[in-house]
Asker: 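Below: one structure in structure tokens.
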There are 2 protein chains.
Amino acid sequence: MTRLFRYFDQYNTLTEGAKSAILAICTAHTIQKGRDLQPIGHTCRTIYFINRGMARIYYFKDDNDVTECFALENQIIARVESLFSGKPSRKGIQMLEVSEVVAINATQLFRLYDTFPDIERLFRKIFEAGYVETVNRLESLQFHSAEERYRDLLQTSPDILKRVPLKLIASYLGITPVSLSRIRAHH
Amino acid sequence: MTRLFRYFDQYNTLTEGAKSAILAICTAHTIQKGRDLQPIGHTCRTIYFINRGMARIYYFKDDNDVTECFALENQIIARVESLFSGKPSRKGIQMLEVSEVVAINATQLFRLYDTFPDIERLFRKIFEAGYVETVNRLESLQFHSAEERYRDLLQTSPDILKRVPLKLIASYLGITPVSLSRIRAHH
DNA sequence: CTGATTTCTTATCATTTGTAAAGAATTGCC
DNA sequence: GGCAATTCTTTACAAATGATAAGAAATCAG
């Protein structure tokens, strides 16, 4: 759990009481590659922290597997649109490598907000940062070409490119695998 | 300010003390159509509530005017990626109609978070809802066709379509005005 | 009301991206 | 190692979208 609290420290410092309250609602899991951490159709009531490994949020659009986002070690992953709306998610979370994750029970976490304002503040800041990322990604999808988006990814997250099959990258960029192959060929 | 507090009530109920603390950092403004509420390049330190009228967030990509989003009356508008990062925004806020807005000083607001946990909670929930909207929009840009996106907008926000020039709608949908014309012609 | 400006549509052609299919390369498994 | 499955690339063709330009329609200013 050391890594988790180091991650938290980037956003907000917690009192010892807050830390142990969070610890009490966390569980550690090891998940095999390819397994679903959360299945499609399930309402999101868990926030995951990735200690080791990698995951993605995915869904199906007309039978096509679409990757909405990736998460590497030292990152949080959750299906926000379900977590904050209480509605079931059409998306699932799948592990892309053998991974160790910490599951934070969101229902209990939200209850802790009443007792520990510093916990509420911590997660407010974490999700504000996620919000900013999503807005930036929206901009890139709205008015950058597929090639620009690929070069962007190459520059900002070369890790992802190394560790993930290109077909997943393609749908993440909003294009087909064939189209991505073409872009890469024009070196 | 009645409308503002009615809007707040949807998310979190405030104590009277919290309400007057917010009132103290709000100012009302009337802005003419076409005027910039916030210019491009400015760091976002204000959250706006639209009492009457309409606004958009816009920026330039290769000299093309791009609309990132619209906001109607009874909605909040802010350049989130600047507000939460403290970095200057490449985006501006422009009024699309004669409008009455309430400007909330964000620097002072964030300070109020320490004294009034219910204010922190209120804005946490407001921005969580904005986050959810942005994630849903991302999905639509990532894997829906331009035509699907247009039909979606037609169904969910016919108001916007009635009140705004189509060229702004086009860039909002991530396409050119010519392309939008074509889609509309195939009735 | 009238002329000027802006917005919208239509047409043509170029470019990008999608689809389908086939083969090459890689990975996984026994 | 060697077979099977998956992933990646390439090709050919179709569909969607972009760029440009020209004209129609709507809006605005005086």
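Every chain is numbered from 1, with letters handed out A, B, ... down the list of sequences.
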Asker: For G34(A), which contact category applies under a 4.0 Å heavy-atom criterion: base, sugar-phosphate, or nothing?
Answerer: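 The residue G34(A) makes no contact with any strand.
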
Asker: Measure CD/E148(B) against P/dA16(D) and give the value in whole Å, please.
Answerer: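 That distance rounds to 12 Å.
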
Asker: Rounded to whole angstroms, how far apart are OH on Y150(B) and P on dC8(C)?
Answerer: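 Result: 11 Å.
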
Asker: Find out whether E81(B) and R90(B) are in side-chain contact, i.e. whether some heavy atom of one side chain is under 4.5 Å from a heavy atom of the other.
Answerer: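 No, their side chains stay 4.5 Å or more apart.
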
Asker: Output the rounded distance in Å from CD (Q32(B)) to P (dA29(D)).
Answerer: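 Rounding to the nearest Å, CD of Q32(B) and P of dA29(D) are 11 Å apart.
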
Asker: Do you know the tightest heavy-atom contact between F116(A) and A21(A)?
Answerer: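 Shortest heavy-atom separation between F116(A) and A21(A) comes out as CE1-CB, 3.5 Å.
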
Asker: Rounded at 0.5 Å granularity, tell me how far CD in Q142(B) sits from CG in L173(A).
Answerer: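 Q142(B) atom CD to L173(A) atom CG measures 8.5 Å (nearest 0.5 Å).
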
Asker: Please tabulate the protein-to-nucleotide N/O contacts below 3.5 Å involving nucleotides 22-30 of chain C, giving atom names and distances.
Answerer:
none

Asker: Rounded to the Å, how far apart are H144(B) NE2 and dT17(C) C1'?
Answerer: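 Spelled out: NE2 on H144(B) to C1' on dT17(C) is 18 Å.
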
Asker: Can you tell me if the side-chain N/O atoms of T176(B) get under 4.0 Å from OP1 or OP2 in dG18(D)?
Answerer: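 Indeed, a polar side-chain atom of T176(B) lies that close.
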
Asker: Would you please classify the geometry between the F70(B) ring and the Y172(B) ring as parallel, tilted or perpendicular, with 30° and 60° separating the classes?
Answerer: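 It falls in the tilted class, 30° to 60°.
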
Asker: Classify the ring geometry of Y113(A) against F110(A): parallel below 30°, tilted from 30° to 60°, perpendicular beyond 60°.
Answerer: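 Answer is tilted, since the angle falls between 30° and 60°.
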
Asker: Could you tell me whether the side chain of E120(B) reaches within less than 4.5 Å of the side chain of P117(A), counting heavy atoms only?
Answerer: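 Side chain of P117(A) against side chain of E120(B), heavy atoms only: no contact under 4.5 Å found.
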
Asker: Examine the side chains of Y58(B) and D36(B) and answer whether a donor and an acceptor come within less than 3.5 Å of each other.
Answerer: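 Short answer, yes.
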
Asker: For F127(A) and F84(A), take the angle between the two ring planes, folded into 0 to 90°, and tell me which bin it lands in: parallel under 30, tilted 30 to 60, perpendicular over 60.
Answerer: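 Plane angle over 60°, so perpendicular.
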
Asker: How many Å lie between CG on D65(B) and C1' on dT7(C), as a whole number?
Answerer: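 Distance, rounded to whole Å: 14 Å.
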
Asker: Calculate the interatomic distance between L173(B) atom CG and dA16(D) atom C1'; express it in whole Å.
Answerer: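 Rounded to the whole Å, the gap is 15 Å.
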
Asker: Quickly work out the R163(B) CZ to dT7(C) P distance and round it to whole Å.
Answerer: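 Taking atom P of dT7(C) as the reference, CZ of R163(B) is at 18 Å.
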
Asker: Give the intermediate values and the outcome of salt bridge (charged side-chain N to carboxylate O under 4.0 Å, His left out) for residues D114(A) and R121(B).
Answerer: CA-CA 10 Å; D114(A) 292 326; R121(B) 173 160 301 183; 2.8 Å; yes

Asker: I175(B) CD1 to dT17(C) P: how many Å, rounded?
Answerer: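 It is 15 Å, rounded to the nearest whole Å.
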
Asker: Going 5' to 3' along nucleotides 5-11 of chain D, which nucleotides have protein heavy atoms under 4.0 Å from the base (write B), which only from the sugar-phosphate (write S), and which from neither (write -)?
Answerer: --SSBBB

